[in-house]
Amino acid sequence: KQTKNVPVTILNRESLAPGGHYGAVLVTPTDVGGDSTKVQINQVASALLFVKKQGGELYNLSLSSAKLSRSLLQIPSKVDLRFQNAGNVHVTPRGTITITDPRGRQVQKGYINAESALVLPESFRQLSVPLMKLDRTWIPGRYTATVAYRFDGQDQVRETKMSFVYVNLGVVLSVLLVGAGLLLVFGNPRLRSRAKQSTKLVVAKLPKRRQKQ
């Protein structure tokens, strides 16, 4: 239960190519001991190293695809992003995802790569971004999801927008019930005549406006 600092020297030779380089420091016991007639476990402790040689770095992070987990009657609860790193240096994606309703109000938001995962050069990495609710989503119509991303060390933000249609089930049921009630009243001659008579009675009971002197 002790902690030791192990110095590591990396030689910056001329033959070392620019960009990112990756390795690990492995620590193994020198004497495992124990009974030679039994199976032994070789324990190894490791520490990853991510270094880059300055001069000649190439940064090229792009969003390969974005997929919403949604349905017509449900707002997305997460967004799956797939990043591509076409450069020669590892990068850490950052950014936000916002969802706005037809009136432009932000109703959901999520933060990209809260775990600070790396995307290695010439590789892809998929990140799942959970969304948290900011406001009610009762307005049916076309919603917009905006993905704004960058990587550590870069201030320029890129944006990708996607749209989807959302219908609130509660609002739909309320409209259907009101429509069914109106159809029942005005589709039945007896109910329609009673509704007209009730309207006339209400109008007759309203006080007349006094004429201005």
Side-chain angles (χ1 to χ4, degrees), residues 1-30 32 41-71 74-100 106-134 143-164:
K1 298 183 180 180
Q2 292 181 342
T3 301
K4 295 291 184 180
N5 294 326
V6 179
V8 177
T9 301
I10 302 174
L11 300 179
N12 187 13
R13 297 174 178 173
E14 294 182 359
S15 58
L16 187 65
H21 298 272
Y22 322 100
V25 176
L26 304 179
V27 180
T28 58
T30 57
V32 294
I41 297 177
N42 185 19
Q43 301 183 30
V44 179
S46 64
L48 297 178
L49 297 178
F50 296 91
V51 299
K52 61 182 178 180
K53 182 176 181 179
Q54 294 182 352
E57 303 100 326
L58 177 61
Y59 297 93
N60 190 358
L61 178 70
S62 61
L63 182 61
S64 176
S65 63
K67 184 178 179 182
L68 299 170
S69 59
R70 64 177 180 83
S71 63
Q74 185 179 6
I75 290 289
S77 59
K78 68 173 183 177
V79 181
D80 294 326
L81 305 178
R82 191 167 187 258
F83 286 100
Q84 178 184 7
N85 184 4
N88 61 3
V89 181
H90 56 276
V91 293
T92 306
R94 302 291 185 187
T96 59
I97 299 177
T98 56
I99 294 182
T100 55
Q106 288 190 7
V107 294
Q108 282 190 310
K109 188 174 184 179
Y111 295 92
I112 300 174
N113 196 16
E115 298 80 11
S116 299
L118 299 176
V119 184
L120 298 181
E122 300 180 359
S123 65
F124 293 84
R125 183 152 195 170
Q126 182 165 320
L127 301 175
S128 182
V129 182
L131 301 176
M132 57 182 178
K133 186 177 181 180
L134 300 178
Y143 284 64
T144 302
T146 303
V147 181
Y149 69 95
R150 60 176 183 86
F151 57 85
D152 282 347
Q154 184 192 45
D155 296 331
Q156 183 181 1
V157 178
R158 298 182 180 180
E159 286 190 357
T160 298
K161 295 191 177 190
M162 302 171 290
S163 61
F164 60 93

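Numbering starts at 1 and runs along the sequence shown.
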*Residue pair I99 / A145: nearest heavy atoms and the distance that separates them*: CG1-CB, 4.0 Å
*asked:* For K4 versus Q2, what's the shortest heavy-atom pair and its separation?
replied: CE-OE1, 4.0 Å
_K53 side chain to L16 backbone, donor-acceptor under 3.5 Å_ = yes
*asked:* A side-chain contact here means heavy atoms from C-beta on lying under 4.5 Å apart; do F164 and P76 qualify?
replied: yes
*How about N113 and L81: do any of their side-chain heavy atoms sit closer than 4.5 Å?*
no
*Roughly how far, to the nearest 0.5 Å, is the OG atom of S64 from the CD atom of Q84?*
6.0 Å
*Can you see which heavy atom on V119 is nearest to which on P93, and at what distance?*
CG2-CG, 3.7 Å
*Quick one: pull up CD in Q154 and CG in L61 and give me the separation to the nearest 0.5 Å.*
8.0 Å
_Could you report the tightest heavy-atom contact between G110 and V129, atom names first, then the distance?_
C-CG1, 4.0 Å
*Rounded to the nearest 0.5 Å, how far does OG1 of T98 lie from CD of Q106?*
5.0 Å
*Hey, is CZ on F124 packed in by over 12 heavy atoms from elsewhere, all under 6.0 Å?*
yes
*Are the side chains of L131 and S77 in touch, meaning some heavy atoms are under 4.5 Å apart?*
no
*Within the 6.0 Å centroid threshold, strictly below: Y149 and F83*: yes
*To the nearest 0.5 angstrom, please state how far the CG atom of L49 sits from the NE2 atom of H21.*
12.5 Å
*asked:* Show the nearest heavy-atom pair for residues L127 and A117, with the distance to one decimal.
replied: CD2-CB, 4.2 Å
*Heavy-atom side-chain proximity of L134 to Q108 below 4.5 angstrom*: no
*Please work out which of the three classes, parallel, tilted or perpendicular, describes the rings of Y22 and H90, given edges at 30° and 60°.*
perpendicular
*Looking at P18 and G55, what are the two nearest heavy atoms and their distance?*
CB-O, 2.9 Å
*In terms of side-chain geometry, is the basic nitrogen of R150 or D155 positioned less than 4.0 Å from the acidic oxygen of its partner?*
no
_Exam field: side chain R125 to backbone N85, donor-acceptor pair closer than 3.5 Å_ = no
*Count the heavy atoms belonging to other residues, nucleotides or ligands that lie under 6.0 Å from CD of Q126, then report whether that count exceeds 12.*
yes
*Reported NZ-to-OG1 distance for the pair K109 and T146, which is rounded to 0.5 angstrom*: 11.5 Å
*Are T96 and Y111 close enough that some pair of their side-chain heavy atoms sits under 4.5 Å apart?*
yes
